[in-house]
Number of protein chains: 4
Amino acid sequence: MAAGVQGIQSSVLSRAERKKAELRREIIDAAFECFAERGYHATAIADIAARVGIGHGTFYRYFENKRDIVEHVITDLLEKITDSLTADNAPNAVDTLQDYRVQSARIGEDLARIVTADPRVPRMLLLQAPGIDKDMGDRILGLFEYAMQLTSGYLAHGVSLGYLKEELDVDNTARAINGMMLGAIVAGLSRPDLDQRALASAIRGVMYDGISGSLTTPSP
Amino acid sequence: MAAGVQGIQSSVLSRAERKKAELRREIIDAAFECFAERGYHATAIADIAARVGIGHGTFYRYFENKRDIVEHVITDLLEKITDSLTADNAPNAVDTLQDYRVQSARIGEDLARIVTADPRVPRMLLLQAPGIDKDMGDRILGLFEYAMQLTSGYLAHGVSLGYLKEELDVDNTARAINGMMLGAIVAGLSRPDLDQRALASAIRGVMYDGISGSLTTPSP
Amino acid sequence: MAAGVQGIQSSVLSRAERKKAELRREIIDAAFECFAERGYHATAIADIAARVGIGHGTFYRYFENKRDIVEHVITDLLEKITDSLTADNAPNAVDTLQDYRVQSARIGEDLARIVTADPRVPRMLLLQAPGIDKDMGDRILGLFEYAMQLTSGYLAHGVSLGYLKEELDVDNTARAINGMMLGAIVAGLSRPDLDQRALASAIRGVMYDGISGSLTTPSP
Amino acid sequence: MAAGVQGIQSSVLSRAERKKAELRREIIDAAFECFAERGYHATAIADIAARVGIGHGTFYRYFENKRDIVEHVITDLLEKITDSLTADNAPNAVDTLQDYRVQSARIGEDLARIVTADPRVPRMLLLQAPGIDKDMGDRILGLFEYAMQLTSGYLAHGVSLGYLKEELDVDNTARAINGMMLGAIVAGLSRPDLDQRALASAIRGVMYDGISGSLTTPSP
DNA sequence: TATGAATGAGGCTTCATTCAT
DNA sequence: GATGAATGAAGCCTCATTCAT
């Protein structure tokens with residue numbers, strides 16, 4: 001009987017909980033839009049509530065305070081990005097340069113798709129978030145560190161298998177490569193019509209072969 | 001003798017003017033420190049004034065408003081950086097890959113020195129400034145565009161002289177290269193103790209020769 | 001029953017709306033008192049709020065800003081005056097001098113009653129309001145113009161029916177007559193104990209018959 | 001010898017004093033212009049100083065504070081008006097209605113000339129001054145009382161000589177007559193192009209003979 | 001004596017947050 | 001649970017006045 005009650009209760013609650021979760025979702029989305037478009041400080045809680053169509057007192061039933069919501073907005077964005085990137089990309093393990101090229105091309109394309117699909121995403125993450133406060137700034141900086149570690153792992157794998165340069169300083173090279181990605185996203189922010197495929201191609205060109213002309217001897 | 005007096009008057013600012021200029025300078029510096037450390041929105045005019053040791057009303061004798069001072073802070077930072085970069089770097093015209101390597105190494109070192117000497121500079125420019133408002137965000141983004149054009153010019157020069165790859169997409173390659181610089185600065189923000197020389201070296205490695213291992217065939 | 005509920009809802013304001021309207025009313029009244037007593041510029045929003053017994057932030061939930069409230073104060077005063085004047089005065093159409101005398105006497109008495117009942121009313125309208133800013137000054141001046149037109153209409157009617165002097169310059173005579181009313185109000189401001197009935201009588205004396213002694217020949 | 005020194009000193013001082021008096025004069029004029037055009041509260045001391053072309057610190061060597069200067073501005077205006085009015089008008093003593101008509105016509109014309117010549121004068125006295133503070137308001141109201149007494153005196157004189165109505169309530173009639181003048185000035189403020197001669201004529205018409213048509217019996 | 005740099009009281013306004021309904 | 005009315009801390013900015021030069 002307890003199980004039955006439990007079952008009934010849980011199914012009843014789950015309906016209410018689902019609605020609650022949906023509204024949470026809506027608030028996060030609205031907050032994201034406000035923050036990305038107007039900026040964090042220029043956005044009032046009332047703006048977010050109005051966009052959702054709820055009273056602004058209700059907001060506080062779903063989130064602690066303004067700082068809380070922006071935390072969730074960021075977390076949410078990062079989750080979405082992570083999901084997109086890991087959706088059809090093998091988490092690791094490519095064993096030839098050719099496969100690596102393919103995989104990094106795919107990752108680049110995915111990233112390009114994400115930031116092109118909704119420029120408010122990079123705008124929020126790169127322009128707005130870092131200035132919110134020290135903690136948020138550190139969080140964004142931490143992202144870069146994290147991305148560096150991922151890339152570094154790939155590179156180390158490639159070096160150990162011999163399809164990447166033996167002498168590679170993997171961490172710093174990872175920073176360089178990720179920097180190019182960052183540069184691409186930033187470029188997309190000032191030039192929404194930029195041909196991201198061409199840019200990705202140029203990045204891969206530098207990444208694999210550098211810019212030195214064939215007439216010159218390779219650097220020692 | 002009249003000429004002498006005239007000379008003094010014209011070449012040297014009057015005492016009052018000098019003092020005024022000095023205080024202006026001090027206010028800009030104090031504002032920079034406040035903004036970089038606490039953030040633009042968390043900084044009150046009173047904070048800046050207190051740091052300088054003046055009444056907050058005095059602030060308004062030197063700057064229109066809060067937006068005005070941050071504009072000057074940014075302008076000032078960019079001027080300093082530009083000055084540092086152009087101080088002993090030939091503005092352009094290098095005709096061999098070797099010279100180009102030397103020059104870009106120097107630029108990289110200069111940049112590294114600037115951001116390492118005072119991490120509040122990149123913190124202000126990259127973390128705080130973009131989120132202040134739309135205009136400031138655009139201004140920072142514009143910087144990247146500007147830097148791209150400079151780099152692109154160098155690259156085009158190198159291509160035309162044959163010491164850089166013939167098929168280079170100079171604009172996008174410039175974005176990639178500048179992205180690596182940006183990545184280096186960002187990395188320095190989260191890791192103040194990072195070995196910038198090693199990072200610069202890794203960047204040059206990628207930049208000139210890429211990461212492909214020698215055993216593999218170059219990309220088609 | 002649904003109709004009943006509907007009726008209640010539509011005909012009566014909800015409790016919250018009533019309370020809101022009441023508070024609005026209280027704020028306007030308090031502002032009027034502050035402005036009339038201390039003057040517009042000497043009155044802070046906090047003063048008004050304190051008089052109502054609300055936080056000064058609450059004020060801004062009811063009125064845009066200081067300029068907004070004074071606009072409403074004036075509008076409110078004028079409405080009250082207009083209502084009082086038109087309450088039992090036929091809007092127009094009197095066809096004999098006798099009737100005209102009666103009506104203008106009543107208007108004069110009404111006006112006297114209003115300004116005597118609360119001297120802050122003329123104090124606000126005549127002493128404070130004109131100096132608030134250009135717009136408000138113009139608004140008050142506009143009132144005089146409007147009053148002149150009303151009076152002028154009455155006079156023209158009387159002239160056409162022959163119970164007023166044929167050669168009357170109706171607009172300017174209206175200005176003269178209204179000027180006497182204005183003078184009476186102003187006199188009441190410096191002399192609150194002034195016998196307004198006697199003053200009104202003197203005004204009517206001048207108005208209808210002038211001051212010339214009977215021994216002298218009427219002016220040509 | 002003392003006399004000689006005295007003489008020298010006084011003549012020397014008088015030069016400096018004259019200059020000082022001139023500057024005082026200029027400051028008063030500038031303040032009048034600022035106050036009348038922008039309003040008392042909207043005018044900063046710096047505005048006045050700038051208009052004169054002196055440092056705003058200098059202002060305080062000539063006047064105690066902002067309240068002090070406006071007091072002088074008003075005093076100065078009233079003096080000018082009084083001077084104009086008493087310039088060629090016999091201070092009193094007219095013994096026939098004819099003379100009285102002539103004199104009051106001249107006074108009216110003088111007044112009209114003054115306020116028409118520089119509309120900032122009535123604007124300052126009637127629109128700005130009363131709202132400055134309680135004292136200034138009282139001062140302006142006091143003016144009307146004073147004017148009433150003057151007019152009343154004239155009327156009493158006329159009554160006693162029989163050329164004005166015997167039963168005249170001289171004080172209140174004076175208020176009525178002065179009210180018409182006030183009305184004329186106010187009308188001139190909203191209508192700068194108003195024909196003041198016609199208005200003056202209408203006022204005299206009411207003043208001497210009233211508006212009653214000849215067909216009706218005079219009021220009892 | 002003239003100046004204007006410095007000052008801070010004072011006032012407006014916003015908005016995150018609370019809480020009674 | 002939802003609401004929005006109320007609140008006051010907080011911050012921007014002005015400007016009358018002082019005073020050292």
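Just so you know, these numbers use all the heavy atoms, side chains as well, and skip hydrogens, waters and symmetry mates. Note on naming: letters A, B, ... go to the chains in the order of the sequence lines (proteins, then strands), and numbering restarts at 1 for each one.
For D/Asp47 and F/dC15, the CG to P distance is 8 Å, given to the nearest whole Å. A straight line from CD1 of B/Ile69 to C1' of F/dG11 spans 17 Å, rounded to a whole angstrom. The distance between atom CD1 of B/Ile48 and atom P of F/dG11, rounded to the nearest whole Å, is 12 Å.
For the pair B/Val70 and B/Gln128, the minimum side-chain heavy-atom distance is 4.5 Å or more.
Contact record, D/Arg24 with D/Tyr62: NH1-O, 2.9 Å, taken as the closest heavy-atom pair. Of all non-hydrogen atoms in D/Val52 and D/Ala30, the two that sit nearest each other are CG2-CB, 3.4 Å.
Partners of B/His41 according to the side chain to side chain donor-acceptor pair (under 3.5 Å) rule, which considers only residues two or more places apart in sequence or in another chain, do not exist here. Here C/His56 pairs with nothing under the ring pair (Phe, Tyr, Trp, His ring centres under 6.0 Å) rule; sequence neighbours left out.
For the pair B/Lys66 and B/Tyr40, the cation sits on the ring face: its NZ or CZ lies under 6.0 Å from the ring centre, inside 45° of the axis.
Sorted by residue number, the members of residues 34-46 of chain B with any non-hydrogen atom under 4.0 Å from DNA chain F read B/Thr43, B/Ala44, B/Ile45. Proximity of residues 23-32 of chain B to DNA chain F (heavy atom under 4.0 angstrom from any strand atom) is not detected for any residue.
Nucleic acid contact for B/Lys19: none, since no nucleic acid atom lies under 4.0 Å from a heavy atom of the residue. Looking at heavy-atom distances under 4.0 Å, C/Tyr62 makes contact with sugar-phosphate atoms alone, never a base.
The one candidate from C/Leu125, C/Ile132, C/Ile69 that meets the side chain to side chain contact (heavy atoms under 4.5 Å, CB included) condition with C/Ile74 is C/Leu125.
We find that C/Arg67 and C/Glu71 are joined by a salt bridge, their nearest charged nitrogen and carboxylate oxygen being less than 4.0 Å apart. By the 4.0 Å N-to-carboxylate-O rule, C/Arg139 lies too far from C/Asp135 to be salt-bridged with it. We find that B/Asp29 and B/Arg25 are joined by a salt bridge, their nearest charged nitrogen and carboxylate oxygen being less than 4.0 Å apart.
Close to F/dG4, at under 4.0 Å from its OP1 or OP2, lies no side-chain N or O of C/Lys20.
In this model, no donor atom of one side chain and acceptor atom of the other lie less than 3.5 Å apart for A/Arg51 and A/Thr43.
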Paired and unpaired positions of DNA chain E as dot-bracket, Watson-Crick or G-U wobble under 3.5 Å, | denoting a partner strand: .||||||||||||||||||||
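For the pair A/Arg67 and D/Thr58, nearest-nucleotide mapping onto DNA chain E gives the more 5' position to D/Thr58. Residue A/Arg61 is the one, among B/Lys66 and A/Arg61, whose nearest nucleotide of DNA chain F lies closer to the 5' end (criterion: closest heavy atom). Looking at which nucleotide of DNA chain F each of C/Gly53 and B/Gly57 is closest to, the 5′-most match is held by C/Gly53.
Along DNA chain E, read 5' to 3', the first and last nucleotides having any atom under 4.0 Å from a heavy atom of chain D are E/dT1 to E/dA5.
Minimum atom distance to the side chain of C/His56 is reached by F/dA10, of the listed F/dA10, F/dC13, F/dG1. Nearest nucleotide to the D/Tyr60 side chain, out of F/dA10, F/dA16, F/dA2: F/dA16.
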